[in-house]
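Down below is the structure, laid out as structure tokens.
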Amino acid sequence: KPAAKKPAAKKPAAKKPAAKKKPAAKEKPAAPTSVAVMVVGVRGAGVTTLVSALAPGVERQTSASSQIAEAMLDALPKKKSAKQGVAVWSHPTTVEGVEVAVHDVPGDGRSSDEKDYDDVRFSLLLGALQAAQVIVHAIDATDADPERMGARLDRWIYGGGHDFHARVIPVLTKCDRSTDAQRAPLLAVWKDACSVSATTGEGIEALRHAIAEAARAVGDGPAPWPEERETLNELQLELLARVASPTCDGPGLAELLRAGLAKGEVLGLVVLREGAVTFAGAKGDFALHGLRTLGRLDANVWDADTLHVRTAKSSQAKRLAERFEKAWGAVESAVVADCVVRARWASEGITAAPSTDPRTVQELQLELIRRGGFNAFRGERIAASLKEHRALWRAVMFGRPRVTMVDGRNRFEMPTWLNPVNEICDDGWNADTLWVVAPDEFAAAKVRALGETHWFADDVQTLDADEAKRWCDVDAPAVVVQLWWD
């Protein structure tokens, strides 16, 4: 009987959560009534003057939205004294009936690669971008190198993914002191940019209208992802159907795998030219034929010889590997990972198979680029930029080379080569390297500049003429630029 009474003795404890609910509800902070508009730019871009023009006569106050940035500053033990002189100020105002708080974010201190770098200002910038609902990116049109300086902030806005939670409005400042010729190349990159002069008032009303429109859209949440007309597997099937050779029936293989996808036996596939990067210590080299698809892309030939297929079951992978070799002419076929088959056909005599799809192989590659997206790689942005600068390149391809590591006598493959065939099963294209064939060195220099400034590549290299010929089947004066994202 005493044991039976114990549950009854616990009844008062059940009342405690209910008693705590009322104070918690009273302490809940009210939802902000204004939209956080962060005005950002490199030092000297005219951010403070622009904020004053957007909110004339408004007394500034300490920005509540800088609390995130203040928390970041607390992690910087050496710069705490600088917080007194560097802060984010808020200017509450109304724009076309919409209540906004326009925040004056200090320049990020990157007016050159190393000069004037200030970790306090940079931390404030990152905190402001995180708290922003609307980002106004001020680009100094009178700067000696305005495109590169504007791209510094783009790297943190777009490369950091802040445009997913905030609307971004690019602005060319000091238009009263810049010429049409100076602004033309900037407007080619930032097509929706407003041109303003904070001192004369030119363009300020247009910018206020853009801010009001962006602020009204904040409550709608992020823009929905566009409906894709085809899966990435279907894009790979179309590439496979373009391959024809004495030993490889690409269209027939595409139909075989399309049936497997419909039955759920095949989950994903990737068709490419087999090749690898071999690293031994600090040295690296490509297999001689790894990128030869680049040499014939502009002739509408997908010069691929290798297929990776992921199946639903390991038993299906074994049967498919045998079928590729015995019935479909593969020179080698094997299960190389759990449920993943690698099959290779002879590369001699590959030609373009006819297709009812009006797109070229290059257009299919651009679609793969557009559908890519991870970390700082922004497929939509890069594909649009490539189309805009079509005169700068002859062929372009986005993929992930197979990497082999050599440690003494031991040789082993890095598992990252599995990423594309694994993630394409969920309609994701996991690649990290972009190869661009430029017609000459002049165009290659412009491609490298785009890669560094607007595509946010972590590493940009140019293959020498011998490498371009051996690895990519590309003859001089054409130049191959290789861009890699971490």
Measure the shortest side-chain to side-chain distance between [X] and [Y] over non-hydrogen atoms and say whether it is less than 4.5 angstrom.
| X | Y | value |
| --- | --- | --- |
| V396 | Q362 | yes |
| R370 | E367 | yes |
| L368 | L239 | yes |
| H137 | W156 | no |
| V37 | I169 | no |
| S347 | R273 | yes |
| L297 | V437 | no |
| F324 | L256 | yes |

[atom1]/[X] to [atom2]/[Y] distance, rounded to the nearest 0.5 angstrom?
| X | Y | atom1 | atom2 | answer |
| --- | --- | --- | --- | --- |
| R292 | K469 | CZ | NZ | 6.5 Å |
| L364 | W302 | CG | CH2 | 9.5 Å |
| I369 | Q365 | CD1 | CD | 7.0 Å |
| W393 | L450 | CH2 | CG | 12.5 Å |
| D303 | L272 | CG | CG | 11.5 Å |
| R344 | D305 | CZ | CG | 6.0 Å |

Does anything in [range] pair up under salt bridge (Lys or Arg N to Asp or Glu O under 4.0 Å), and if so which pairs, sequence neighbours excluded?
| range | answer |
| --- | --- |
| residues 316-326 | none |
| residues 135-144 | D140-K174 |
| residues 235-245 | E238-R242 |
| residues 346-359 | E230-R359, D357-R359 |

Nearest atoms (heavy-atom pairs only) where [X] meets [Y]:
| X | Y | result |
| --- | --- | --- |
| G159 | R378 | N-NH1, 4.5 Å |
| A353 | A244 | CB-CB, 3.8 Å |
| C339 | S314 | SG-N, 3.4 Å |
| A395 | L294 | CB-O, 3.9 Å |
| A304 | V271 | CB-CG2, 3.9 Å |
| L172 | A193 | CG-CB, 4.1 Å |

Salt bridge between R394 and D298, side-chain N to carboxylate O under 4.0 Å?
-> yes
Determine, for E441 against R448, whether the closest basic-nitrogen to carboxylate-oxygen distance falls under 4.0 angstrom.
-> yes
Show your reasoning for whether side chain to side chain contact (heavy atoms under 4.5 Å, CB included) applies to W190 and H454.
-> CA-CA 10 Å; W190 292 280; H454 297 291; 3.7 Å; yes
Residues two or more places apart in sequence or in another chain: which of them pass side chain to side chain contact (heavy atoms under 4.5 Å, CB included) with [X]?
| X | result |
| --- | --- |
| D432 | F374, R400, P401, W484 |
| T453 | R148, A151 |
| E388 | K191 |

What do you reckon, are the aromatic ring centroids of W485 and F456 less than 6.0 Å apart?
-> no
Can L207 and I211 be said to form a side chain to side chain contact (heavy atoms under 4.5 Å, CB included), step by step?
-> CA-CA 6 Å; L207 176 56; I211 291 172; 4.1 Å; yes
Could you work out, with side chain to side chain donor-acceptor pair (under 3.5 Å) as the rule, every residue matching [X], not counting sequence neighbours?
| X | result |
| --- | --- |
| N233 | none |
| E234 | none |
| D440 | none |
| R381 | D154 |

Taking ring-ring contact (aromatic ring centres under 6.0 Å, His included) as the test, write out the residues that go with W455, two or more places apart.
-> none
Could you give me the CA-CA distance, side-chain angles and deciding distance for N430 and N422, then say whether side chain to side chain contact (heavy atoms under 4.5 Å, CB included) is met?
-> CA-CA 9 Å; N430 190 305; N422 282 338; over 6 Å; no
From the list L124, V136, L129, side chain to side chain contact (heavy atoms under 4.5 Å, CB included) with V40 holds only for L129
Go through the steps for H308 and T306 under the test side chain to side chain contact (heavy atoms under 4.5 Å, CB included), then give the verdict.
-> CA-CA 7 Å; H308 286 104; T306 305; 4.2 Å; yes
